[in-house]
Amino acid sequence: MQSALFLALQHHGGRMERSGRRRSEAEEAEKGRMKKTIIKDWKTRLSYFLQNSSNSTKMKSKKAGKHRTYFRPSPEEAQLWSEAFDELLANKYGLAAFRAFLKSEFCEENIEFWLACEDFKKTKSPQKLTLKAKKIYNDFIEKEAPKEINIDFQTKNMIAQNIQEATHTCFSAAQKRVYSLMENNSYPRFLESEFYQELCKKTPVTRAAQGT
């Protein structure tokens with residue numbers, strides 16, 4: 001009787017183990033599919049950003065009477081981005097890639113706010129400065145703004161007061177906070193991403209290429 005019970009329990013345990021293994025394999029397969037989908041979507045977004053960036057550059061260049069073309073960076077150039085966050089932001093391709101990466105993580109408002117602040121600080125006209133300050137506040141700062149950034153209540157209040165008489169330092173504290181968030185959180189994840197690792201890989205030289 002005990003032997004029969006033991007065999008029954010053993011058989012049941014074996015079925016549960018196989019079932020658990022199949023479920024685990026199915027979950028791993030699903031995770032793999034999700035990862036591939038995310039990477040594919042991310043690369044699509046990156047291509048979109050690069051195309052828009054290229055088109056924007058061409059339009060500006062035509063207006064200025066200049067012709068500039070920005071090429072995909074070499075592996076050596078891409079590797080420089082890992083040395084400092086500023087190296088990444090200073091490179092047009094790197095910035096576009098980083099924006100696409102943040103969009104894949106649903107936190108692109110951070111880089112968009114930072115870029116808006118950079119543009120804001122270059123504004124010379126007092127009238128334009130006031131208009132841009134209000135737009136940045138409406139887009140990124142006020143409660144339930146469409147691209148609301150994650151800053152403390154005190155900083156928000158300070159900005160609300162400062163934009164009444166806008167100066168170039170209206171958003172300095174918030175910009176530093178957002179820069180720090182990106183540098184310490186998103187930037188390291190970007191450097192570990194598959195796309196960045198691909199950019200850093202050197203393309204093998206084929207025999208045909210060597211012979212030319």
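Computed from heavy atoms alone, side chains included, the values below leave out hydrogens, waters and symmetry copies. Sequential numbering from 1 along the given sequence is applied to the chain's residues.
- Across all non-hydrogen atoms, the minimal contact from Ala174 to Ile159 is CB-CD1, 3.7 Å.
- Note: Phe171 and Phe140 fail the aromatic proximity criterion, with ring centroids not under 6.0 Å apart.
- Distance check: Cys117 SG to Lys122 NZ gives 12.0 Å after rounding to the nearest 0.5 Å.
- A heavy-atom distance below 4.5 Å is not found between the side chains of Lys201 and Pro75.
- A side chain to side chain donor-acceptor pair (under 3.5 Å) with Thr123 is found for exactly one of Lys132, Lys128, His168, namely Lys132.
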Would Tyr179 and Asp86 count as a side chain to side chain contact (heavy atoms under 4.5 Å, CB included) here? Give the steps. CA-CA 10 Å; Tyr179 180 94; Asp86 285 334; 2.7 Å; yes
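- Among all heavy-atom pairs drawn from Glu183 and Phe85, the shortest one is CB-CD2, 3.7 Å.
- Taking NZ of Lys147 as the start and CD1 of Ile141 as the end, the distance is 12.5 Å to the nearest 0.5 Å.
- If you take OG on Ser104 and CZ on Arg99, they are separated by 13.5 Å, rounding to the nearest 0.5 Å.
- Going from atom CH2 of Trp114 over to atom CG of Asp119 covers 11.5 Å, rounded to the nearest 0.5 Å.
- Classification of Lys156 and Glu148 as a salt-bridged pair holds, one side-chain N sitting under 4.0 Å from a carboxylate O.
- With Ile149 as reference, Val178 is the one residue of Thr155, Asp139, Val178 to meet the side-chain contact (heavy atoms from CB on, under 4.5 Å) rule.
- Under the 4.0 Å criterion applied to side-chain N and carboxylate O atoms, Glu192 and Arg189 are not assigned as salt-bridge partners.
- Closest non-hydrogen pair, Asn91 versus Glu77, comes out as ND2-OE2, 2.6 Å.
- Ionic pairing of Glu108 and Lys103 is present here: one or more N-O contacts between side-chain nitrogen and carboxylate oxygen are shorter than 4.0 angstrom.
- Other residues, nucleotides and ligands place no more than 12 heavy atoms under 6.0 Å from the CG atom of Asn150.
- Of the inter-residue distances, the one linking Cys170 atom SG with Lys121 atom NZ reads 12.0 Å to the nearest 0.5 angstrom.
- Surrounding CD of Glu76 are more than 12 heavy atoms belonging to other residues, nucleotides or ligands, all under 6.0 Å away.
- Taken from OH in Tyr187 to CG in Leu89, the straight-line distance is 8.5 Å, to the nearest 0.5 Å.
- Ring to ring, Tyr196 and Phe98 are not that close: their centroids are 6.0 angstrom or more apart.
- Side-chain rings of Phe195 and Phe101 stay apart, their centers remaining 6.0 Å or farther from each other.
- When all heavy atoms are compared, the tightest approach of Gln197 to Leu191 is NE2-O, 2.6 Å.
- When all heavy atoms of Gln79 and Cys200 are compared, the closest pair comes out as NE2-O, 3.2 Å.
- Under the 4.5 Å side-chain contact rule for hydrophobic residues, Ile136 and Leu129 share a cluster.
- Residues Leu199 and Leu95 share a single hydrophobic cluster, defined by chaining ILVMFWY side chains whose heavy atoms lie under 4.5 Å apart.
- Counting all heavy atoms, side chain and backbone alike, Ala173 lies closest to Met158 at CB-CE, 3.8 Å.
- Both Phe113 and Leu115 are members of a single hydrophobic cluster when ILVMFWY side chains are connected at heavy-atom separations under 4.5 Å.
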